[in-house]
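The chains referred to below are lettered A, B, ... by the order of the sequence lines, with proteins before strands, and numbering in each begins at 1. Only this structure's heavy atoms are used, side chains among them; waters, hydrogens and symmetry mates stay out.
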Number of protein chains: 2
Amino acid sequence: MTKIQDLDKLDKEILSILMKDAKIPYTDIAKQLFVSGGTVHVRMKKLEDLGVVKGSRLEVDATKLGYDITSFIGIFLERSNLYHKVIEEVKLIPEVVSAYYTTGNYSIFAKVCCKDTMHLRELLSERIQAIEGIQRTETLIALEESINRPITLTKD
Amino acid sequence: MTKIQDLDKLDKEILSILMKDAKIPYTDIAKQLFVSGGTVHVRMKKLEDLGVVKGSRLEVDATKLGYDITSFIGIFLERSNLYHKVIEEVKLIPEVVSAYYTTGNYSIFAKVCCKDTMHLRELLSERIQAIEGIQRTETLIALEESINRPITLTKD
DNA sequence: GTTGAAAAATTCCGCCG
DNA sequence: CGGCGGAATTTTTCAAC
């Protein structure tokens with residue numbers, strides 16, 4: 001398993017820059033960090049090969065695309081060993097953008113994006129509650145997204 | 001306010017491709033969608049100007065960077081009108097990657113990334129619980145990230 | 001880690017339907 | 001006006017040092 005010890009300050013500085021904006025040219029980063037463009041390229045190649053970098057994504061404004069309701073759904077299972085079976089069903093629902101197996105109140109915790117309240121209601125009653133093994137769910141509706149940012153890497 | 005009516009099928013197809021991988025060259029997208037590279041460029045410029053595209057981010061494997069514990073923290077406020085004041089304090093904590101104002105059990109719902117359980121314990125007791133206006137918190141630890149993907153845009 | 005040169009992509013602009 | 005095509009500029013990529 002690969003760990004931090006393989007990463008030096010330069011690797012982390014490159015990552016910090018690209019985590020905020022993946023489209024910054026390597027040549028710009030090279031200038032900022034006083035190394036050559038080739039070096040940035042080699043480091044990124046290494047980080048990709050190590051699996052530290054998994055890819056890049058465009059950040060979009062869900063509201064402007066018509067997805068007005070972001071909500072979190074806490075799922076209670078009938079038995080906790082149903083987790084894998086249930087998560088496979090959840091994966092088939094495109095509105096689910098993330099899902100975690102968690103300790104605490106819920107067994108599964110998912111984030112979903114819906115167009116409006118009707119869409120959310122249908123999703124809950126017809127798609128999620130319909131999954132075998134789910135006992136009940138609790139929904140938290142996000143009224144405002146106050147923070148959404150990448151991890152801050154420490155310098156050392 | 002800008003809405004979907006300004007976006008046609010081509011815009012959405014471009015977005016769908018880039019939401020999965022922001023580094024795909026515009027020329028490749030142009031080939032896939034049978035338009036010129038210039039057109040993809042113009043559309044993306046429009047989408048950025050409209051604020052539909054907010055930026056791009058590198059996806060990293062937090063575990064490989066030494067952040068082993070992802071958890072969700074539900075925050076109960078003493079009074080709900082303390083929201084803005086509290087969220088400003090929460091913003092100052094770098095381990096918090098997202099936070100939402102929510103309906104339901106909690107007033108604020110945050111996601112945090114910590115290096116280990118000790119780091120999480122310190123964060124909770126010394127940084128979060130120390131914020132004035134927070135009554136109590138509930139923590140859900142994510143044992144496994146099963147799904148993490150962009151919204152699926154519908155074709156129409 | 002660096003350099004430099006070839007290949008590719010971005011970006012801009014004039015032209016056309 | 002939106003889309004196309006080509007040319008100038010930048011960036012990526014890769015070999016040799």
Measure from [atom1] on [X] to [atom2] on [N] and round the result to the nearest Å.
X        : N       : atom1 : atom2 : result
Lys45(A) : dT12(D) : NZ    : P     : 16 Å
Asp11(A) : dG1(C)  : CG    : P     : 8 Å
Ile24(A) : dT10(D) : CD1   : C1'   : 15 Å
Lys31(B) : dG5(D)  : NZ    : C1'   : 15 Å
Asp28(B) : dT11(D) : CG    : P     : 19 Å
Leu10(A) : dT2(C)  : CG    : C1'   : 13 Å
Asp49(B) : dT11(C) : CG    : P     : 13 Å

Could you tell me whether [X] and [Y] make a salt bridge, using a distance below 4.0 angstrom between a side-chain N and a carboxylate O?
X        : Y        : value
Arg43(A) : Asp8(A)  : yes
Lys46(A) : Glu48(A) : no
Glu88(B) : Lys91(B) : yes

Can you find a side chain N or O atom of [X] that sits less than 4.0 Å from OP1 or OP2 on [N]?
X        : N       : result
Thr27(A) : dT11(D) : yes
His41(B) : dT10(C) : no
Arg43(B) : dG3(D)  : yes
Thr39(B) : dG3(D)  : no

Working for salt bridge (charged side-chain N to carboxylate O under 4.0 Å, His left out), residues Asp61(B) and Lys54(A): CA-CA 6 Å; Asp61(B) 185 326; Lys54(A) 292 193 290 185; 5.1 Å; no

Sugar-phosphate only, base, or nothing, as touched by Val42(A) at under 4.0 Å among non-hydrogen atoms: nothing

Whichever of Phe34(A) and Gly37(B) has its nearest DNA chain C nucleotide further upstream toward 5': Phe34(A)

Of Lys23(A) and Val35(A), the one whose closest DNA chain C nucleotide lies more 5': Val35(A)

Distance (rounded to the nearest 0.5 Å) between His119(A) NE2 and Tyr67(A) OH: 6.5 Å

Residue Ser36(B), side-chain heavy atoms: nucleotide from dT11(D), dG5(D), dT3(C) that is nearest: dG5(D)

Closest to side chain of Tyr26(A), choosing from dG2(D), dC4(D), dT12(D): dT12(D)

